[in-house]
A.B. asks: 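Let me begin by handing over the structure; questions about it come next.
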Amino acid sequence: MTYNTNKRPFNKLKPVSFVNVNINDSFWSKRQKINREISIHHQHQMLEGDFHIDNFRVASGLKKGVQIGEFYFDSDLYKWLEAACYIINIYSDPGLEVKVNEVVDLIKKSQTNDGYVNTFYSTRFIEKRFTNIYLMHELYCAGHLIQAAIAHHHATKSQVMINVAIKFANLLVSLYLGGKRKGVPGHEEIEMALIALYRITENSNYLKLAEEFINRRGNVSNFKTYVANQYFNMRSILGIAKKRNKEFLLSVGRENIIKEQESEVSEWATNLTLKSQLIFFKENLIGAYIQSNVPVREIFEPVGHAVRVMYLFCGMADLYSEIGDKTLLKALRRVWLKMVKARMYITGGTGSEKCTEGFKKDFALKNEDSYSETCAAIGNMMWNLRMLQITGNCKYADLIERVLYNAMLVGQSINGKEYTYNNPLISYAKDKRSEWFRCACCPPNVARTIASLGDYIYSTSEEGIWIHQYIGNKANIELSSNVVKIIQKSELPWKGEITIKLELSKSQKFSLFLRIPDWSYGTDININGQRHSNIINNGKYHKIFRKWLDNDEIDLTFNMIPTFVESDPRIKGNRKRVAISNGPLIYCLEQKDNKKSDIFNIVISKNQDLRVMFETELLGGVNLIAGTTNNASKFTAIPYFAWNNRGANNMQVWHLAI
């Protein structure tokens, strides 16, 4: 099998893989080290303890039993496998390789003769498979299997896992392509996975099926009847599954597992108010919950479950990059503006409706309602990377940075062992991090994002090299049959000092496109010690075309000033309040750092210069921001990503101000 790097013909930019980017800065290299040495192994332990791996032992015939857990459990193991493969692609870890090999072997042995893999169905009632793609996540799990298989093939060059994915994808093609079976995938994921598989196999049927699934959205006839039938089907299937599990577990004396199994999911459902239940029911009935309320080319606002929204937009962007359908790109640009202007929190988080884990109407962004699921933040980054490579527009790179340092990074604790599922902007000491969740989508999603972070730093085009993110690294980038080595040193997110050194085997003319962040209060660029230009605009790429020589050095200084941010007045809860930002970071107040004041009642004077100080021993080393209130008492703010690392605590992002 060969990789076809000439795909994405309608993109302006070409990706530079994380495999070619060795991150080595003081901030992100620490996160990556924790990720590969602690998080990935801890997650494997939790997956083992929560039956995710054992389910495949049952499905493969190595153990007797039934699948234990939720119907989407397989997907969490696939995401872990993808993350692990990203790690072993770059770093040697024999222990992790053993775990990867075992999981791959179990998945292979669990595959049926016709290619099917899903432990929920195959261990109980395989005859009921594909009867409910709207609610039962079969295609969502299949999509994550495919993505894990591609990562495994890249890392090991083995054909084993990719052959499993191809066989499964061929089954889907035989069943669904050309409208053979009706229905729409309820949780998007399969679309971008099929396109990724098309890119390395050149099997156009995968691209066609992804396009068909995308085009089915908003076009299902008698949709309300379809939803009702799928709902009753789900109740029937879950009822049978519960009965068979109970029978088996009682027969082997493990009935206590049943209670543990139901606790978290049941708790979420029972905590919904009647109003929330009605909202959830309505959004499902009209298709908004799964983004099937209108055909995709007519989308003008993000609706429904936020993670599904982001994965759909990723699939649409991938489809555009292959077929060049401008109506898709027009819809994506339109909905991006709506989201950013009216339905996104200051951290880049999305979702203010708990019962749907998704979007409300414009400016309905109460801080206490901020769901801002970690997976939605990751999906937002993925979508914006695709939009960036399609268009070369700086605003997408700016948003990636905002989400990366705030809405995404808050999802993992500093020690790499605890996580948040949702991320509020105000907390009354009731929120705490967890080692694991019954719905454990976020931990492995964080792991795969941090492991592949190098994907977000560079791109190339016919003109030259684009630098999107300022993260210290050494990169080898192919450009016009030459290899350009970039050595980037970055002080972000604490200081705006960047140094970029080029190493070339021969001189070469090309353009270097430097992102000038929208938060910079003045930017200086020096090339080999000489000032470059007086006209440098924020929120744009600054193009430098010249004949570059070996050891040329570019020094960038982005002026970082801690700043009060005022909200759009249409967000009622933030009127007469301010947030604090510094560079790419949003800050918050935790009660633990402000013991002499009630953080919910202090009033901050906007007419002051805030002070920044780096505390090496606090929260892994962070910039603190200090200021005074209107009654001259002091306050201290920490980066939002670092809150909730010292136990449950009062916290808020938007503060009363005069």
A.B. asks: Establish, from distance only, whether the side-chain atoms of Gln389 and Ser321 form a donor-acceptor pair under 3.5 Å.
C.D. replies: no
A.B. asks: For the residue pair Tyr396 and Arg386, establish whether any side-chain heavy-atom pair is separated by less than 4.5 Å.
C.D. replies: no
A.B. asks: Indicate, with yes or no, if the rings of Trp28 and Tyr470 have centres closer together than 6.0 Å.
C.D. replies: no
A.B. asks: At their closest point, which heavy atom of Ala331 faces which heavy atom of Met316, and how far apart are they?
C.D. replies: CB-CE, 4.4 Å
A.B. asks: Return yes when atom NZ of Lys395 has more than 12 non-hydrogen atoms of other residues, nucleotides or ligands closer than 6.0 Å, and no otherwise.
C.D. replies: yes
A.B. asks: Keeping the roles fixed (side chain from Asn559, backbone from Tyr521), state whether a donor-acceptor pair exists under 3.5 Å.
C.D. replies: yes
A.B. asks: Are the side chain of Asn406 and the backbone N or O of Ile586 linked by a donor-acceptor pair below 3.5 Å?
C.D. replies: yes
A.B. asks: Say whether Asn630 and Ser605, considering side chains only, have a donor N or O and an acceptor N or O under 3.5 Å apart.
C.D. replies: no
A.B. asks: Side chains of Ile465 and Val484: does their closest heavy-atom pair fall under 4.5 Å?
C.D. replies: yes
A.B. asks: Side-chain contact test, heavy atoms from C-beta onward, threshold under 4.5 Å: evaluate it for Lys12 versus Ile390 and give yes or no.
C.D. replies: no
A.B. asks: At their closest point, which heavy atom of Cys442 faces which heavy atom of Thr374, and how far apart are they?
C.D. replies: SG-CB, 3.9 Å
A.B. asks: ring-ring contact (aromatic ring centres under 6.0 Å, His included) with Phe359: which residues, sequence neighbours excluded?
C.D. replies: none
A.B. asks: Heavy-atom count around Asn631 CG within 6.0 Å, excluding the residue itself: above 12?
C.D. replies: yes
A.B. asks: Output yes when a side-chain donor or acceptor of Trp643 lies under 3.5 Å from a complementary backbone atom of Ile638, and no otherwise.
C.D. replies: no
A.B. asks: Would Ile471 and Tyr456 count as a side-chain contact (heavy atoms from CB on, under 4.5 Å) here? Give the steps.
C.D. replies: CA-CA 10 Å; Ile471 295 171; Tyr456 290 85; over 6 Å; no
A.B. asks: Which heavy-atom pair separates Tyr640 from Pro424 by the least distance, and what is that distance?
C.D. replies: OH-O, 2.8 Å
A.B. asks: Could you check whether Ser480 and Asn482, counting side-chain N and O atoms only, form a donor-acceptor pair closer than 3.5 Å?
C.D. replies: no
A.B. asks: Answer yes when Asp552 and Lys501 have at least one side-chain N-carboxylate O distance shorter than 4.0 Å, and no when they do not.
C.D. replies: no
A.B. asks: Identify the heavy atoms of Thr350 and Arg343 that sit nearest to each other, and give their distance.
C.D. replies: CG2-O, 4.2 Å
A.B. asks: In Å and rounded to the nearest 0.5 Å, what is the CZ to CZ distance from Arg570 to Arg575?
C.D. replies: 10.5 Å
A.B. asks: Start with the C-alpha distance between Asp398 and Arg515, add both sets of side-chain angles, then the distance that settles salt bridge (Lys or Arg N to Asp or Glu O under 4.0 Å), and finish with yes or no.
C.D. replies: CA-CA 8 Å; Asp398 281 336; Arg515 180 178 66 94; 2.5 Å; yes
A.B. asks: Can you confirm whether more than 12 heavy atoms, excluding those of Glu503, are under 6.0 Å from its CD atom?
C.D. replies: yes
A.B. asks: Which heavy atom of Ala83 sits nearest to which heavy atom of Pro444, and what is that distance?
C.D. replies: CB-O, 4.3 Å
A.B. asks: ring-ring contact (aromatic ring centres under 6.0 Å, His included) with His468: which of Tyr541, Tyr458, Phe513?
C.D. replies: Tyr541
A.B. asks: May I ask you to check whether over 12 heavy atoms, not counting those of Phe10, lie within 6.0 Å of atom CZ?
C.D. replies: yes
A.B. asks: Can any side-chain N or O of Arg433 pair as donor or acceptor with the backbone N or O of Asn644 at less than 3.5 Å?
C.D. replies: yes
A.B. asks: Might you confirm whether atom CD of Glu462 has over 12 heavy atoms from other residues, nucleotides or ligands at distances under 6.0 Å?
C.D. replies: no
A.B. asks: Can you check whether Asn623 reaches Tyr587 side chain to side chain, under 4.5 Å on heavy atoms?
C.D. replies: yes
A.B. asks: Can you find a pair of side-chain heavy atoms, one from Thr563 and one from Trp519, that are under 4.5 Å apart?
C.D. replies: no
A.B. asks: Search all heavy atoms of Glu401 against all heavy atoms of Pro517 and return the closest pair with its distance.
C.D. replies: OE1-CB, 4.3 Å
A.B. asks: Tell me if the aromatic rings of Phe641 and Phe27 count as close, with their centers under 6.0 Å from one another.
C.D. replies: yes
A.B. asks: With heavy-atom distances below 4.5 Å as the criterion, would you say the side chains of Ser26 and Trp494 are in contact?
C.D. replies: no
A.B. asks: With side chains defined as the heavy atoms from C-beta onward, is the minimum distance between Gln32 and Leu453 less than 4.5 Å?
C.D. replies: yes
A.B. asks: Could you check Met339 against Val309 for side-chain contact (heavy atoms from CB on, under 4.5 Å), going step by step and ending with a plain yes or no?
C.D. replies: CA-CA 11 Å; Met339 178 189 75; Val309 168; over 6 Å; no
A.B. asks: Any chance you could measure Ile498, atom CD1, to Lys489, atom NZ, to the nearest 0.5 Å?
C.D. replies: 12.5 Å
A.B. asks: Can you tell me if Asn538 uses its side chain to pair, donor with acceptor, with the backbone of Ser520 under 3.5 Å?
C.D. replies: yes
A.B. asks: Going by heavy atoms in the side chains, are Ile535 and Ser533 under 4.5 Å from each other?
C.D. replies: yes
A.B. asks: Backbone N or O of Lys540 within a donor-acceptor pair of the Asn537 side chain at under 3.5 Å?
C.D. replies: no
A.B. asks: Would you say Glu497 and Thr557 are linked by a side-chain donor-acceptor pair, where the criterion is simply a distance under 3.5 Å?
C.D. replies: yes
